[in-house]
Amino acid sequence: MHYVIIGNGVAGITAAFMLRKRDPHAQITVIGGESDYFISRTALMYVLMDRMNRRDLEPFERRKYTENNITLLRAWVTALNASTRTLRFADGASLTYDKLLLATGSAPNPAPWPGVAHTGTGILNFVSLQDLAKWEYHLPATRRVVVVGGGLIGVELVECLRHHGIEVDFLVRESWYWPMALAPEEGEIIANHLRRHGVQLHLGDEIAEVVANPARQLTAVRTTQGRELPCQALGACIGVRPAIDWLRNTQTPPACNRGVQVQADFRTSLPNVWAAGDCAELPTGQVEQLWYSAKRHGELAALSMLGDAVNYTPPLFYNSAKLFDIEYTTVGVGGPESYFRRLPGKDVSIRIMHETDGTVTGFNMLGSRWDHAWFETWIAERRTLPHVLKNLAQAQFDVEFGRVSLKALGVGA
Amino acid sequence: MIRAGRAQALLHNVKNRGWAAWALAALFTAFYVALYFTEAFTPIAQALGLGSKWTLYGTLYTIAVTAGGIHVIRKYRHNRYQVIRTLVVIVVQCTFAYSIPLLLKFLHQPEYYFSYFWPLKFEYLTPSYLASVPLPFVLYSVVGSLVLVPLLAAFFGKRWYCSWVCGCGGLANTFGEPWRHLSDKSTTSWKIEKVTIHAVLIASVGLTVLLFFTYGANKSDPQLARFTGEFQSYYGLIVSSILSGVVGVGLYPLGGTRVWCRFACPMAALLGIVQKAGRFRIAVKKDMCISCGMCSKYCEMGIDVRSYAQANESFTRASCVGCGMCAEVCPRGVLNLVQIKRAGQ
C-alpha cells in the first residue's frame with residue numbers, strides 16, 4: 001500500500017504519522033512544495049522578529065521522519081490523474097499512489113485593487129516561507145508600510161514591522177478591529193493598544209488604488225476615504241482561500257466549490273482520494289482554516305483512509321490569538337445578550353455571551369489566560385450565566401501570582 | 001531578521017554564537033581559569049580592600065545577578081511570576097550568598113552560605129567540615145540538605161531551589177538571559193544529559209559515603225585514606241572548579257546558560273529524581289498549541305516543550321528548573337506551572 005499525501009503542512013504531516021501509527025508496513029510519501037520539512041507557519045513572525053531561526057520552525061526533529069519511515073519529497077504537483085492513480089510534478093516526474101490525501105492548505109487571496117497589474121514589486125503576503133524571505137529582502141530599504149486586513153495575520157505582520165521600527169499604516173475596512181470576532185468594546189481595547197505601539201490605525205477605510213513608479217515599484221496607496229499613504233511595501237492580509245487552483249484544471253478534477261468537496265469521512269468525489277485541512281470543504285459548505293482544524297482533519301482523514309468509519313462534524317468553535325501583548329481566547333458563538341467586564345485601566349476584559357434565558361453560548365476573553373476546556377464544558381452542559389460566574393475562577397490559567405482578580409474585574413458586582 | 005543598525009547586529013552576534021559570542025566565551029573561560037588556578041586577582045582584591053580574590057568574585061557575581069535581574073524584571077514586568085522570582089533571586093544573592101557570609105566572617109564565625117546545600121556545596125556534608133563548625137551550622141547543613149531541600153522539591157518541584165534560590169541558577173536567569181535559547185534541544189543531548197548528570201551524582205554520593213567511612217575508620221587504613229583524599233581532590237578539581245565554574249559560565253554564550261545545571265550538577269540530579277515523583281508538573285492546555293516552538297526555543301534546559309504541548313501531554317521532566325519561561329513566551333497561553341496531587345497522595 002502506498003499512501004501519498006500532497007502537502008507537508010499540519011494536516012498532511014498529522015495524517016502521515018497517524019497512518020504510520022496504524023500501519024507499520026505501508027509506504028508513506030509526503031510531498032511539499034514550500035519547504036523540505038514540515039514547518040509551523042504560525043511562527044513565521046518570530047523568525048521575522050529574530051526571536052527564532054528557520055530551523056526552529058520545524059515542530060519535529062528530522063530523525064522522526066526517518067524513524068517512522070516517512071518519505072518526504074520536495075516538489076510541486078501539477079497534475080492528478082485519478083484513473084491511473086498518477087501524480088505529475090512540475091519537473092515532469094511522476095508518482096503513483098494507492099490512496100491519496102490532498103492537504104494543500106490555503107493560499108492568500110490575490111490583491112484585487114486597481115493598479116496591482118502595474119506594480120511589479122512591493123505587494124506582499126505573510127503566509128509562507130517564501131513570503132518571509134521577501135519581507136527580509138524588502139525591509140532594509142523600507143521606511144513605511146501599509147498593511148491591509150483586519151484579521152490575525154495582519155496584526156502579526158504589523159507587530160513584526162513595528163519591531164523593526166517601520167512606520168505602519170494599518171487599514172481596517174470595518175469600523176472597529178476584527179468585528180468577526182470582537183465587539184466594539186474589545187475592538188477599542190485592541191485599537192488603543194495598537195496605537196500605543198505606534199501603529200497608525202485607520203478604521204473604516206480601505207484601499208481604492210495602489211500606485212507604482214515607472215520602475216513598477218510600489219510607492220503609495222490611495223484609500224477610499226481619500227488618504228494617500230506613501231509606502232515602500234503593502235502587506236496584503238485580506239484572507240486566504242483553499243489552495244486548489246491547480247486541481248481545477250487537472251485531468252480528473254475532484255468536485256470543487258470553494259474547496260475540495262468532501263464527505264463527512266473526508267472522501268472526495270474521486271475514488272481513493274481524500275482531502276483534509278484548509279483545502280477541504282465540508283458537506284455543510286464550511287471551510288475550516290485554523291491550525292486546530294487542520295490537525296483534527298489530518299488525524300481523521302488518515303483514519304478514514306485506513307478504513308475506519310469517520311463521521312466528522314466540526315466541534316464547538318474555539319480559537320486563540322495574541323494581538324501584540326494582548327492574549328485572546330474565544331470559545332463558542334455569540335448570543336443575543338452578553339456580560340462584559342473590563343479591568344479598569346488595563347487591557348483585560350471578559351465577555352460571556354448568552355441567550356435571553358441566561359444559557360451561556362460563548363466566551364471572548366482578552367488579556368488574561370483561560371482553560372477553554374471549562375468553557376466548552378459549560379456550553380455543552382447548557383449552564384446559565386450565574387453558574388458560570390460562580391465557577392469562573394476554576395477556568396483561570398494565568399501564571400502563578402499573576403492571576404487576574406475577578407473581584408477587581410467586577411465579576412459578581 | 002536582524003534589526004537595522006550596527007549595535008543591533010552586534011547584539012545578534014553576541015546572542016547567536018557569532019564571533020563576538022566566541023570572544024566573550026573565551027573571555028569568561030580565561031577569567032575562571034585565572035580565578036581558580038592563579039592568584040592574578042588577589043592583588044586587585046587587596047587594592048580594592050576586599051581581602052581575598054573570592055570576595056572580589058562574590059562582589060562581581062552579586063553585581064552581575066543584580067544588574068541582570070533588574071533587566072529581566074523590566075523585560076518581563078507584565079509577568080508576576082517572573083518579577084517575584086527574579087526579586088527573590090536578587091535578594092538571596094545579596095544576602096545569603098554575599099553579605100551574610102561576609103558578616104559571619106567579620107564575627108569570626110564560619111563563612112557559611114545559607115543558600116547552598118549538599119551535594120552542590122559538597123563540603124557541607126563532609127565529616128571534617130561538620131566537625132569544624134558550631135552545632136547550629138551542623139544542624140542547618142544536615143537538616144537542610146537531607147530534609148528541607150528534598151521535601152520542598154517534592155511539593156513545588158526543584159524550581160524552588162534551582163531557579164529561585166541557587167546562585168548558579170540565579171546567574172543563569174539574570175546575567176545569562178541573552179543566551180538562554182542556546183541550549184541544545186535534540187533528543188541526543190537529552191540522552192547524554194541523563195548519563196552525565198547521574199554519573200556526577202553517583203560520584204558525589206559515593207565520595208560522601210567514602211569520606212564518612214574513612215573518617216570512621218580513623219585513618220587506620222592509610223591506603224583507604226589516600227584513595228579518599230585523591231578522589232576528593234579530583235572531584236573538587238573536575239566538578240567544583242572545571243564543570244561548575246569554567247565550563248558552567250564560560251560556555252554561556254555558546255551552549256546556553258544551564259550547561260552545568262543540566263549536564264553535571266549533582267544537586268539538580270538529586271532534585272530531579274524527587275521532582276519526577278513529586279507534585280510539580282507543567283500543565284498543557286488541551287488542543288490549543290500551534291506548534292510555534294517558542295517554548296522549546298527559550299527553554300534553558302533544552303527540553304523540547306513543544307513536543308509535549310502539541311501532543312496535549314502535561315508532563316514532568318527531571319531537568320525542568322521551573323523558570324516559567326515556556327509559559328511566558330507561549331503566545332496561546334498553553335502552558336502553566338502547577339502542583340498537582342498525584343494518585344495516592
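Quick caveat: nothing in here was measured; it's all calculated off a predicted structure. Per chain, numbering begins at 1; letters A, B, ... match sequence-line order. Worth knowing before you read on, the calculation uses all heavy atoms, side chains too, and leaves out hydrogens, waters and symmetry mates.
- B:S291 touches chain A through backbone and side chain together, each having a heavy atom under 4.5 Å away.
- Ranked by heavy-atom pairs shorter than 4.5 Å toward chain A, the options B:N79, B:I2, B:L335, B:T187 are led by B:T187.
- The residue among B:K15, B:R159, B:H78 with the most heavy atom pairs within less than 4.5 Å of chain A is B:R159.
- Here A:D398 is the residue among A:D325, A:L132, A:D398, A:V10 with the most heavy-atom pairs under 4.5 Å with chain B.
- In this model, a donor atom of one side chain and an acceptor atom of the other lie less than 3.5 Å apart for A:Y312 and A:E288.
- Across B:E328, B:K286, B:K285, the residue that shares the most heavy-atom pairs under 4.5 angstrom with chain A is B:K285.
- The contact between A:M52 and chain B is made by backbone and side chain atoms together, counting heavy-atom distances below 4.5 Å.
- The part of A:E327 that comes within reach of chain B is its side chain, from C-beta onward, which places non-hydrogen atoms under 4.5 angstrom from that chain.
- Checked for salt-bridge contact, A:R296 and A:E299 miss the test: no charged N lies under 4.0 Å from a carboxylate O.
- For the set A:K322, A:K295, A:M45, the entry with the most heavy-atom pairs within less than 4.5 Å of chain B is A:K322.
- With a 4.5 angstrom heavy-atom cutoff, B:V334 touches chain A only via backbone atoms.
- Defined by atom type and a distance below 3.5 Å, a donor-acceptor pair is missing between the side-chain atoms of B:T316 and B:R281.
- Cation-pi geometry between B:K194 and B:W190 is met: under 6.0 angstrom from the ring centre, within 45 degrees of the axis.
- A distance-only check finds a donor-acceptor pair linking the side chain of B:R85 to the backbone of B:C323 [under 3.5 Å].
- Counting heavy-atom pairs under 4.5 Å between each of B:C292, B:G293, B:A283 and chain A puts B:C292 at the top.
- A side-chain contact (heavy atoms from CB on, under 4.5 Å) with B:W179 is found for one member of B:L251, B:N16, B:V14 and no other, namely B:V14.
- Interface remark: A:L48 contributes backbone and side-chain atoms alike to the contact with chain B (heavy atom separation under 4.5 Å).
- Side-chain contact annotation: B:K185 with B:S183, donor-acceptor N/O pair under 3.5 Å present.
- The shortest distance between side-chain heavy atoms of A:S40 and A:W291 falls below 4.5 Å.
- A donor-acceptor contact under 3.5 angstrom links the side chains of B:E300 and B:N173, judged on distance only.
- Here A:S320 is the residue among A:S320, A:G402, A:A321 with the most heavy-atom pairs under 4.5 Å with chain B.
- Ring geometry for A:F324 against A:H197 counts as tilted: the plane angle lies between 30° and 60°, on a 0 to 90° scale.
- Between A:W370 and A:F375, the ring planes are tilted. Angles from 30° to 60° get that label.
- Within the 4.5 angstrom heavy-atom criterion, atoms from both the backbone and the side chain of A:F397 approach chain B.
- Judged purely by distance below 3.5 Å, without hydrogens or angles, the side chains of A:R63 and B:S186 never pair a donor atom with an acceptor atom.
- Between chain B and the options A:M49, A:R41, A:E58, heavy-atom pairs under 4.5 Å are most frequent for A:E58.
- For chain A, no part of B:S296 is nearby; none of its heavy atoms comes within less than 4.5 Å.
- In this structure, the portions of B:R3 lying under 4.5 Å from any heavy atom of chain A include both its backbone and its side chain.
- Heavy-atom distances place no part of A:E376 under 4.5 Å from chain B, backbone and side chain included.
- Heavy atoms closer than 4.5 Å to chain A are found in both the backbone and the side chain of B:I290.
- For a residue to count as touching a neighbouring chain, one of its non-hydrogen atoms must lie under 4.5 Å from one of that chain's; by this rule A:E400 touches chain B with backbone and side chain alike.
- For a residue to count as touching a neighbouring chain, one of its non-hydrogen atoms must lie under 4.5 Å from one of that chain's; by this rule A:N53 touches chain B with backbone and side chain alike.
- Highest contact tally toward chain A, considering only B:H181, B:Q8, B:R306, B:H12, is held by B:R306 [criterion: heavy-atom pairs under 4.5 Å].
- Summarising the geometry, atom CE belonging to B:M288 is positioned 6.0 Å from atom OH belonging to A:Y318; distances are rounded to the nearest 0.5 Å.
- No part of B:Q82 comes within reach of chain A, as not one of its non-hydrogen atoms sits under 4.5 angstrom from that chain.
- Side-chain atoms of A:N364 and A:T330 include a donor-acceptor pair closer than 3.5 Å.
- With a 4.5 Å cut-off on non-hydrogen atoms, A:S368 does not touch chain B at all.
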